[in-house]
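Structure record follows, encoded as structure tokens.
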Amino acid sequence: MDTNLKTLEVYDPAMCCSTGVCGTSVDPALASFTGDLDWLGQRGVAVRRYNLGQEPGAFAARDDMRALLEEEGEAGLPAVYVDGELRSSGRFPSRDELASWVETDMPVVSAEVIAELAAIGAAVGSNCEPCFEFHYAEARKLGLTNDDLVLAVRTAQTVKAVPADNMLDTASRLLNVEVAAIGGTVPAGADTADESASSACCSGSAESIHLTKGAAPTSGCC
């Protein structure tokens with residue numbers, strides 16, 4: 001679609017990488033904002049990001065950015081510009097705001113699409129393969145692209161990984177061992193011959209889950 005897109009520039013505070021979506025303590029708002037920028041980029045928007053810790057020259061080159069930093073410091077970041085005009089500072093703007101700033105004919109996202117994206121995230125978070133397969137098919141029927149779903153899965157996996165990594169860090173600290181020593185290894189002497197215990201939930205199908213609970217299998221997924 002022809003949207004007469006503008007140039008969107010983001011001046012980020014000092015972060016560990018170009019997007020800040022790394023490590024074990026990712027800010028959910030930052031992850032969501034990064035996803036929104038990826039979403040705009042997939043639709044042809046020219047998105048440029050500058051990291052204060054890695055690209056200070058980009059900040060120094062703008063008189064208005066230097067003035068913003070002198071007045072507010074890093075509390076004024078991220079700062080978002082559209083065609084050189086400051087649109088927001090000190091917060092992560094919403095997807096609706098970003099879309100309204102760069103294009104006027106952004107399609108409205110239906111409630112059905114939002115529901116399927118939420119279900120995709122829940123399936124990733126709960127490691128439910130049958131649920132993921134079902135909602136993947138439903139999402140594609142609604143017109144979501146493979147790139148849309150890749151972004152949804154990547155975001156959900158990032159959110160899921162943070163508490164898991166924190167749990168391992170806490171366990172390694174209390175047990176006084178390296179994280180690698182407890183990172184998913186099977187305990188010595190564990191009985192792997194009997195697979196019945198694991199077949200009831202994560203390793204089973206959607207039907208086996210319902211049958212285990214004493215209910216008749218339902219169509220689709222959940």
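The figures here come from the full heavy-atom set of this structure, side chains too, leaving out hydrogens, waters and symmetry mates.
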Shortest non-hydrogen contact from [X] toward [Y]:
X    : Y    : answer
A14  : N51  : CA-OD1, 3.4 Å
S89  : G76  : CB-O, 3.3 Å
S172 : I182 : N-CD1, 3.6 Å
V82  : K6   : CG1-CD, 3.7 Å
G84  : R62  : O-NH2, 3.4 Å
E55  : R49  : OE1-O, 3.7 Å

Does the salt bridge (charged side-chain N to carboxylate O under 4.0 Å, His left out) test come out yes or no for E97 and R95, once each step is laid out? CA-CA 5 Å; E97 288 179 293; R95 177 176 293 199; over 6 Å; no
Check whether any side-chain heavy atom of [X] sits under 4.5 Å from a side-chain heavy atom of [Y], and report yes or no.
X    : Y    : answer
F132 : N127 : no
L98  : V45  : no
F33  : S94  : no

If you look only at distance, which donor and acceptor atoms sit under 3.5 Å apart when one is on a side chain in residues 144-151 and the other is two or more places apart or in another chain?
unit_1: T145; atom_1: OG1; unit_2: D147; atom_2: N; d: 3.4
unit_1: T145; atom_1: OG1; unit_2: D148; atom_2: N; d: 3.0
unit_1: T145; atom_1: OG1; unit_2: D148; atom_2: OD2; d: 3.0
unit_1: D148; atom_1: OD2; unit_2: T145; atom_2: N; d: 3.0

Donor-acceptor contact present, side-chain [X] to main-chain [Y], <3.5 Å:
X   : Y   : answer
R43 : W39 : yes
D83 : T7  : yes
S32 : P28 : no

Check the pair F92, V80 against side chain to side chain contact (heavy atoms under 4.5 Å, CB included), reporting the backbone distance first and the verdict last. CA-CA 9 Å; F92 298 110; V80 179; over 6 Å; no
Determine, step by step, whether V10 and R48 satisfy the side chain to side chain contact (heavy atoms under 4.5 Å, CB included) criterion, reporting the C-alpha distance in whole Å, the side-chain angles of both residues, the deciding distance to 0.1 Å, and the verdict. CA-CA 6 Å; V10 180; R48 301 170 184 169; over 6 Å; no
Could you check L8 against L37 for side chain to side chain contact (heavy atoms under 4.5 Å, CB included), going step by step and ending with a plain yes or no? CA-CA 9 Å; L8 187 147; L37 294 180; 3.9 Å; yes
Would you list the pairs meeting ring-ring contact (aromatic ring centres under 6.0 Å, His included) in which at least one residue belongs to residues 139-163, sequence neighbours left out? none
Counting only heavy atoms not in R140, do more than 12 fall under 6.0 Å of its CZ? yes
Which Ile, Leu, Val, Met, Phe, Trp or Tyr residues join M65 in one cluster when any pair of side-chain heavy atoms under 4.5 Å counts as a link?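 Once heavy-atom contacts under 4.5 Å are chained together, M65 belongs with Y11, Y50, L52, F59, L68, L69, L77, Y81, L86.
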